[in-house]
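Everything numeric here is computed off the predicted structure, so don't read it as measured data. Throughout, a chain's letter reflects where its sequence line sits, starting with A, and its residues are numbered from 1.
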2 protein chains.
Amino acid sequence: MMQLTHAEENYLKAIYQLSEAGKKGVSTNDISAEMKTKPASVSDMLRKLGEKEVIEYRKYYGVHITEEGKKFALRTIRKQRLWEVFLVEKLRFAWDEVAEVADELEHVQSTILIQRLDEYLGFPKFDPHGDPIPDEYGDVRSRPRLPINEIDINGTGQIVAVKDSSAAFLRYLDKVGAYIGARIKVLEKVEFDGSIEILVDNKKTIFMSKDVAANILVMV
Amino acid sequence: MMQLTHAEENYLKAIYQLSEAGKKGVSTNDISAEMKTKPASVSDMLRKLGEKEVIEYRKYYGVHITEEGKKFALRTIRKQRLWEVFLVEKLRFAWDEVAEVADELEHVQSTILIQRLDEYLGFPKFDPHGDPIPDEYGDVRSRPRLPINEIDINGTGQIVAVKDSSAAFLRYLDKVGAYIGARIKVLEKVEFDGSIEILVDNKKTIFMSKDVAANILVMV
DNA sequence: ATAGACTTTTAGCCGACACTAAAAAATAAT
DNA sequence: ATTATTTTTTAGTGTCGGCTAAAAGTCTAT
């Protein structure tokens, strides 16, 4: 089995996630923004990933991930998200603190480690941000998810993810009392500005603007 | 605070442990054997570690670790041993499976991660091999430890470490029913060959040769 | 259809960390 | 004390992954 370096793993994960988001080929600039490296470095890496046949690379025309590449990317994502669950559930990290540390942990090479960790965590299907954790074979079970602003009045659900997971936004949510896992009910939608009133865990009502509501995904 | 690379951290740890073992300066060849690299690579690394003042390096005359260097080495050892505890106690790894994985985990950079892990594990003072875990300040509390063959007849204690931690030896111990943490009592010492009979956990007696006994450390 | 803007790639450089081959220093043996 | 042996260092190479500067390709607007 061919091996990828840490850097290659990171690029491949970024490429996978960018292509999932947009469903199109991914540009060098997009990748360089995501990876915080220069476009020149990206070009070089794309050449290498192309040689390893985890991406299809046509110079100047962006990149498509191959089936083989997806397998690698999903393995990395699986590791990252399992570590995130560990950090939040076992070590009491806050949502917005896990990314950096999980990015290091995900590169530890040990199949057995990941199997045991998965088992230890009770085979979680979703990470603390509500994103699905691929299984050993790369299969992802996704649940139907809607942004709050698309839920009908009196509709209920559970917060499972946020689109914008910036530290600032996550802190805002904590502050107003919303959190991943919270059960919510939509009480009112204001016509003229789209702002919304929701009930959290049957005990607290909070208002949010349409923009905020659009950022919060709920499993209905 | 000056930073060390992963490779530098590994070399420094090796140098610290070699100098603790022998209490003398450490030779280039010793280090290259320990690190499984060539002496030429070691020389180069020593020059770098010398520049960073974590070791005192006189060409051709071996190496002494500085106080600053000890701090770094102890931090790395602390991380390594905490991860070993995690792997064995939480993920049910066997003694002889932890080294490789812990060597990767120990390089994850996050002070808070180590603090939380320490707390989560209940502030363990010894790793699964019985070696002491330095605290945040690098202090090590060591316990008096004796090899089994130096314990008097009817003396009791608890197995806390092994000198030879090769996979083969660890498997042998598991097989005969001895393990780290086991409470033992010395029942008999055979005069002419020094072999020893011990009682494990008050329920099982096992025989071992003098050589095996000398390899097992007991806290009395 | 061509100029200008933007994107992407190439070329060349650098630091980290391994290696080999050969030189230099220290140590051991006669 | 000189030679032989071993240890250690230097010199030069290669790979990986970043960078800058400049060239090349693509796209857009007139």
Tell me the interatomic distance from [X], atom [atom1], to [N], atom [atom2], rounded to whole angstroms.
X: B/Glu9; N: C/dC17; atom1: CD; atom2: C1'; answer: 15 Å
X: B/Arg47; N: C/dA18; atom1: CZ; atom2: C1'; answer: 14 Å
X: B/Leu49; N: D/dT9; atom1: CG; atom2: C1'; answer: 16 Å

- In residues 26-38 of chain B, which residues come under 4.0 Å of DNA chain D by heavy atom?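 Listed by number, they are B/Ser27, B/Thr28, B/Asn29.
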- [ ] State yes or no: are the ring centers of A/Phe86 and B/Phe86 separated by less than 6.0 Å?
- [x]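 Aromatic pair counts; centres sit under 6.0 Å.
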Might you list the N or O atoms of the protein lying below 3.5 Å from N or O atoms in nucleotides 13-17 of chain D, with each pair's distance?
residue : atom : partner : partner atom : Å
D/dG17  : OP1  : A/Thr5  : OG1          : 2.3
D/dG17  : OP2  : A/Lys48 : NZ           : 2.6

Pairing of [X] and [Y] as salt bridge, 4.0 angstrom limit:
X: A/Arg78; Y: A/Glu136; answer: no
X: B/Lys13; Y: B/Glu106; answer: yes
X: A/Glu68; Y: A/Lys71; answer: yes

Next item on the list: Can you see which heavy atom on B/Lys79 is nearest to which on B/Val108, and at what distance?
Entry: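 Residues B/Lys79 and B/Val108, closest heavy atoms: NZ-O, 3.8 Å.
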- prompt: What are the two closest non-hydrogen atoms of A/Ile159 and A/Ile216, and how far apart are they?
  reply: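 Heavy-atom minimum between the residues: CG2-CG2, 3.8 Å.
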Every protein N/O within reach of nucleotides 22-26 of chain C N/O, cut-off under 3.5 Å:
residue : atom : partner : partner atom : Å
C/dA26  : OP1  : B/Tyr61 : OH           : 3.1

Are B/Tyr60 and B/Thr28 linked by a side-chain donor-acceptor pair shorter than 3.5 Å?
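Looking only at side-chain atoms, B/Thr28 and B/Tyr60 do not form any donor-acceptor pair under 3.5 Å.
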Quiz item: Going by atom types only, do B/Gln109 and B/Glu9 share a side-chain donor-acceptor pair under 3.5 Å?
Solution: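 Present: a donor and an acceptor within the cut-off.
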Does OP1 or OP2 of D/dG18 have a side-chain N or O of A/Ser41 closer than 4.0 Å?
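Answer is no, no contact under 4.0 Å.
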*asked:* With a 4.0 Å cutoff (strictly under), does any side-chain N or O of A/Tyr57 reach OP1 or OP2 of C/dT8?
replied: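 No, outside the criterion.
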Margin query: Quick check on side chain to side chain contact (heavy atoms under 4.5 Å, CB included): which of A/Glu53, A/Arg47, A/Met45, A/Glu51 does A/Leu49 satisfy it with?
Written below: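 Testing each of A/Glu53, A/Arg47, A/Met45, A/Glu51 against A/Leu49, the sole residue satisfying side chain to side chain contact (heavy atoms under 4.5 Å, CB included) is A/Met45.
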Q.
Using a 6.0 Å cut-off, check whether atom CD of B/Glu104 has over 12 heavy atoms from anything other than its own residue.
A.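 More than 12 within 6.0 Å, yes.
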Examine A/Lys90 relative to A/Tyr120 and say whether NZ or CZ is less than 6.0 Å from the centre of the six-membered ring and inside a 45° cone about the ring axis.
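Checked: cation-pi criterion met.
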